[in-house]
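Remember, it's 1-based here, ligands and their atoms both numbered in the order they're listed. Remember, it's a predicted structure, so these values are computed and weren't measured experimentally. Numbering of residues begins at 1 and proceeds along the displayed sequence.
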Amino acid sequence: MQNVLLTASECSPFIKTGGLADVIGSLPSALKKVHDCTVSVILPLYEDSNINQQEVNFVAAFNVPVGWRNQQAVLYKLIHNDITYYFIKNSYYFGRKGTYGYFDDGERFVFFSRAVIEAIPFLSFIPDIIHSNDWQTGLIPAFLKILQPIADVKSVFTIHNLQYQGAMPANMFYELLNVRDEHFFGMEWNGLLNCMKAGIFHADLITTVSPSYAKEIQYSYYGEGLDPLLHDLKDKLFGVVNGIDVNEFNPLTDTNLYKNYHQSPQDKKDNKKYLQQECGLPERSCVPVIGIVSRLVEQKGLSLVTCMLHEMMQEDVQLIILGTGEPSIEGSLLESLQQYREQLAVCNYFDEGLARRIYAGSDFFLMPSRFEPCGLGQLIALRYETVPIVRETGGLRDTIVPFNEHTLEGNGFSFTNYNAHDMFHAIQYALDLYRTPVLWHKVLQNIYTSSVSWDQSAKTYQSLYEKL
Ligand code: GLC
């Protein structure tokens with residue numbers, strides 16, 4: 001039996017800013033289902049972590065070297081839904097509001113990565129595999145190779161988003177790391193200390209969250225500058241598409257919805273009516289509703305939407321957008337509200353309940369991402385029987401098959417190039433099919449049979465772990 005220790009900077013239900021938290025929150029039980037293993041998770045304990053302090057048990061207090069200083073870490077343990085979670089507390093680094101965005105984020109996660117290594121003797125098992133995720137835990141594979149805290153331990157490093165790399169001035173290597181100069185090479189990129197590079201370089205196995213993204217990041221358009229390294233290491237780079245927790249996301253039981261449903265376009269229409277009401281749009285059951293639930297940032301392709309908004313609004317369609325992000329994108333969407341009051345709703349905040357009602361009440365879910373390592377929105381949309389319209393990139397390409405009128409295959413609509421008119425044409429085609437009942441019925445049938453659970457991917461992780 002293998003002992004797997006999973007580590008990341010966020011994990012549902014304790015702390016979440018994005019899809020990483022959903023993945024770390026749902027992967028352990030999926031792995032346990034298919035694999036003879038124990039999976040534990042180790043996380044930072046943030047001031048904002050959603051944890052009842054009474055429920056956690058003290059395990060140990062120990063010192064963590066950070067350059068010439070020692071910082072104290074306190075290790076806590078919590079069993080939740082049969083999974084053991086460890087938390088590392090240090091008030092100086094994590095006793096702050098929010099999760100990221102501080103000037104010393106680099107140092108905070110160097111501390112956390114080293115603290116995970118120092119915590120190993122206090123865990124109730126000896127890990128066979130330490131699986132870290134994204135730059136915040138990128139130094140863990142490096143510390144494992146360099147400090148060798150346990151013989152024979154193997155490391156897996158998963159890239160969820162290559163854009164954020166945890167790069168710091170090179171002198172931080174000397175200020176924070178306590179390793180010999182010769183190790184700078186494996187952590188340096190373009191003259192900076194780079195935590196993402198450290199993870200990629202030292203891990204025994206690298207994965208990313210879809211097979212297409214694993215290929216894309218070997219080329220400069222998607223490689224965020226690290227493409228030559230990823231290309232060199234391609235033999236240890238694999239793509240495993242994310243799943244979602246199908247119990248957590250279930251239109252039949254979701255208490256946020258106006259009406260629960262399963263394969264019933266009629267019940268879905270009732271949700272649409274309520275959604276239109278909630279968003280202040282005319283309640284018209286025949287008008288197609290396009291939903292967007294997204295961080296409003298460049299990665300997500302929102303500039304294609306702002307660029308084509310006026311053309312889109314010439315169609316008989318309603319567009320509902322939920323999310324926060326870059327002021328220029330938010331501002332441009334809000335500006336158009338006045339002009340299209342009957343067709344456009346922009347909710348520039350985040351509300352999980354409304355997000356679920358958008359997934360349930362929309363006919364289409366739009367994700368025109370510039371790049372998308374996996375994307376969970378399109379999977380949730382499929383689960384809520386809403387038709388995705390996506391750009392063919394990364395995980396969107398691997399999970400959404402464009403509908404083909406001749407073979408009648410496909411569970412969505414897509415376009416290839418990052419081009420606003422191409423997106424618009426895909427939307428127009430999707431709207432045409434919406435008005436062609438025989439074909440629309442077929443699209444829905446294909447959605448009902450699309451798989452979005454972890455089952456297959458958990459098996460793939462299992463085989464990668466076994467390979468190690
Ligand atoms: C990041 C990626 C997203 C992916 C998620 C979970 O947020 O941008 O595509 O689904 O991580 O892996």
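The nearest heavy-atom contact from the protein to atom 7 (O) of ligand 1 is G19 N, 4.1 Å. Looking at atom 8 (O) of ligand 1, its nearest protein heavy atom turns out to be Q299 NE2, 3.2 Å. Closest to atom 9 (O) of ligand 1, if we only count protein heavy atoms, is E372 OE2, 2.5 Å. In this structure, the protein non-hydrogen atom closest to atom 2 (C) of ligand 1 is H160 O, 3.2 Å.
Of all the heavy atoms of D22, none lies under 4.0 Å from any atom of ligand 1, so neither backbone nor side chain is involved.
Partner F94 forms a ring-ring contact (aromatic ring centres under 6.0 Å, His included) with one of Y100, F109, Y102, F87 and no other, that one being F109.
Close approach to V23 involves these atoms of ligand 1, each under 4.0 Å from a residue heavy atom: 6 (C), 12 (O). Taking every non-hydrogen atom of L20 and a distance limit under 4.0 Å, the qualifying atoms of ligand 1 come out as 6 (C). Which parts of ligand 1 touch N242 is read off a 4.0 Å heavy-atom cut-off, strictly below it: atoms 6 (C), 10 (O), 12 (O). Applying the 4.0 Å criterion to heavy atoms of N161 picks out, from ligand 1, the atoms 8 (O).
Taking any N or O of C374, backbone or side chain, at least one lies under 3.5 Å from an N or O belonging to ligand 1.
Look at G375 and you'll find a heavy atom under 4.0 Å from some atom of ligand 1.
Here the closest heavy-atom approach between residue S155 and residue D204 is recorded as N-OD2, 2.8 Å.
Under the 3.5 Å distance criterion, the side-chain polar atoms of S212 are left unmatched by any main-chain donor or acceptor of T393. Checking side-chain atoms of H202 against main-chain N and O of A198 turns up a donor-acceptor pair under 3.5 Å.
Using bins of under 30°, 30° to 60° and over 60° for the plane-to-plane angle, the ring pair F14/Y85 lands in the perpendicular bin.
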CA sep, side-chain torsions, deciding dist, call: E278, R357, salt bridge (charged side-chain N to carboxylate O under 4.0 Å, His left out): CA-CA 10 Å; E278 186 174 354; R357 289 188 289 280; 2.7 Å; yes
CA sep, side-chain torsions, deciding dist, call: F143, V116, side-chain contact (heavy atoms from CB on, under 4.5 Å): CA-CA 10 Å; F143 286 140; V116 169; over 6 Å; no
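Inter-residue side-chain proximity for R383 and N250 is flagged as met; some heavy-atom pair is nearer than 4.5 Å.
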